[in-house]
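This report refers to the structure that appears directly beneath it.
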Amino acid sequence: MLRGGLRNALAALLLLTAGLGHAGAADLYSVGTITSGTAPERRDIGFANCLRDVVVRATGDTRLLNEKRLAEQARHAGDLIASYSFRDRMSGTPIHDEQGSYDRPHDLTCIFDQTKLDAFLKSFEREPWLKRPRLVAVIGIRDMKGAASMLASDSLAPRDKDMRTALISAADKLALPILLPSQQQLMLAGLALPALAKTDPARLGTLARMAGGERALVGTMVWNSKPAGWVAEWRIADAPPATRWGISGVGFDDAFRNAVSGAAQVLSGHEEP
């Protein structure tokens, strides 16, 4: 029984991280978005969105989104793109009306010219963030019914699969390698929601290494009914207390995006989230 359980936990962990791994330099320069058609005006909107995404993906610094020069360059984002491609999201579905011919959704993938983008980043005194630690996410949850649990690579609560997918999506957008520990690893580490905020960083570091990571992203998500939404608080286990961050009144997709963007901000050396 134990061996089978370990195999199942390992399989779940491998499934969770299959799309991440350590981001290579080339991976940082490729991003995607969804466009309403492939007409030049739709394409250019997609180019601008991809530029905003790649700047944060490459540096880990979300504060660059507030830079005026980025807004100006976004109008000419194509100048920094080496190649791009469209994929029809409705491939195989016949075009049968005006919306189908004009607003048909496409996945746009943009690969930015590394030399040009690096030069653009240098104008902000930024460089690509290449050395990224593999994070282990230690997340305690108190749900709508008040039940406490830990999100694990093999946990089976009704919402857990969707939560894992949302976490992966958020991390993949920023090319941040992330793992979840298994239920057994959490049990061996003696971690549960009530004491998570006071858990010794050394114990969290041990869990991170046990789960195949290097550092721990620790968080709690508590459902609040008024106003409805999750209240999330996050920290890097071995980082200074001043670098804690959070968000409230949101769905879990936004909570995980907040977790990952804040972690990237801290770990890339760009101060507090």
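Please read all numbers here as calculations on a predicted model, not as lab measurements.
- Salt bridge annotation for D254-R257: present, with a cationic side-chain nitrogen under 4.0 angstrom from a carboxylate oxygen.
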(request) Test side-chain contact (heavy atoms from CB on, under 4.5 Å) on D113 and L80 and set out the steps. (result) CA-CA 6 Å; D113 183 284; L80 304 181; 5.8 Å; no
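- Here the side chain of R57 pairs no donor or acceptor atom with the backbone of V55 at under 3.5 angstrom.
- A ring pair (Phe, Tyr, Trp, His ring centres under 6.0 Å) check over residues 145-181, counting only residues at least two apart or in different chains, returns nothing.
- Residues T59 and E127 have side chains not in contact (no heavy-atom distance under 4.5 Å, counting atoms from C-beta outward).
- Checked by atom type and distance alone, the side chain of R126 never pairs as donor or acceptor with a backbone atom of G60 at under 3.5 Å.
- Panel note: side chain E214, backbone R134; a donor-acceptor pair is recorded below 3.5 Å.
- Counting only heavy atoms from C-beta outward, the side chains of V136 and R209 never approach each other to under 4.5 Å.
- Classification of D79 and K116 as a salt-bridged pair fails, no side-chain N sitting under 4.0 Å from a carboxylate O.
- Of the N and O atoms on the side chains of S149 and R159, at least one donor lies less than 3.5 Å from an acceptor on the other residue.
- Listed for the Q73 side chain is a donor-acceptor partner under 3.5 Å among the backbone atoms of H76.
- Residues R215 and L267 have side chains in contact (heavy-atom distance under 4.5 Å, counting atoms from C-beta outward).
- Scanning for side chain to side chain donor-acceptor pair (under 3.5 Å) contacts around D118 gives Y29, with sequence neighbours left out.
- W230 is not listed as a side-chain neighbour of N224, based on a closest heavy-atom distance of 4.5 Å or more.
- Using a 4.5 Å heavy-atom cutoff, the side chains of L51 and L117 are in contact.
- A continuous path of hydrophobic side-chain contacts links L130 to F120 [ILVMFWY only; heavy atoms under 4.5 Å].
- Interatomic distance, S123 OG to E67 CD, rounded to the nearest 0.5 Å: 8.5 Å.
- Counting only distance, with no hydrogens or angles, the side chain of R132 and the backbone of A175 share a donor-acceptor pair below 3.5 Å.
- Counted by atom type alone, D154 and S182 present zero donor-acceptor pairs between their side chains at under 3.5 Å.
- Q183 and S155 form no side-chain donor-acceptor contact under 3.5 Å, judged by distance and modelled atom types alone.
- R104 and S36 form no side-chain donor-acceptor contact under 3.5 Å, judged by distance and modelled atom types alone.
- A distance of 15.0 Å separates CG in N258 from CZ in F252, rounded to the nearest 0.5 Å.
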(request) Determine, stepwise, if the pair W234 / F256 fulfils side-chain contact (heavy atoms from CB on, under 4.5 Å). (result) CA-CA 10 Å; W234 308 104; F256 288 133; 4.2 Å; yes
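- A distance of 7.0 Å separates CG in L151 from CG in L167, rounded to the nearest 0.5 Å.
- The number of heavy-atom neighbours closer than 6.0 Å to CD of E233, taken from other residues, nucleotides and ligands shown, is 12 or below.
- With salt bridges taken as basic N to acidic carboxylate O contacts below 4.0 Å, one links R63 and D61.
- There is a path of hydrophobic side-chain contacts, each under 4.5 Å, that joins L28 to Y84.
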(request) Step by step, work out the side-chain contact (heavy atoms from CB on, under 4.5 Å) result for I139 and V218. (result) CA-CA 6 Å; I139 302 172; V218 186; over 6 Å; no
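- Checked by atom type and distance alone, the side chain of R244 never pairs as donor or acceptor with a backbone atom of I236 at under 3.5 Å.
- By the criterion of side-chain heavy atoms lying less than 4.5 angstrom apart, applied directly or through intervening Ile, Leu, Val, Met, Phe, Trp or Tyr residues, V250 is not grouped with I141; the two fall into different hydrophobic clusters.
- Under the 4.5 Å side-chain criterion, counting only non-hydrogen atoms from C-beta, I45 is not in contact with T35.
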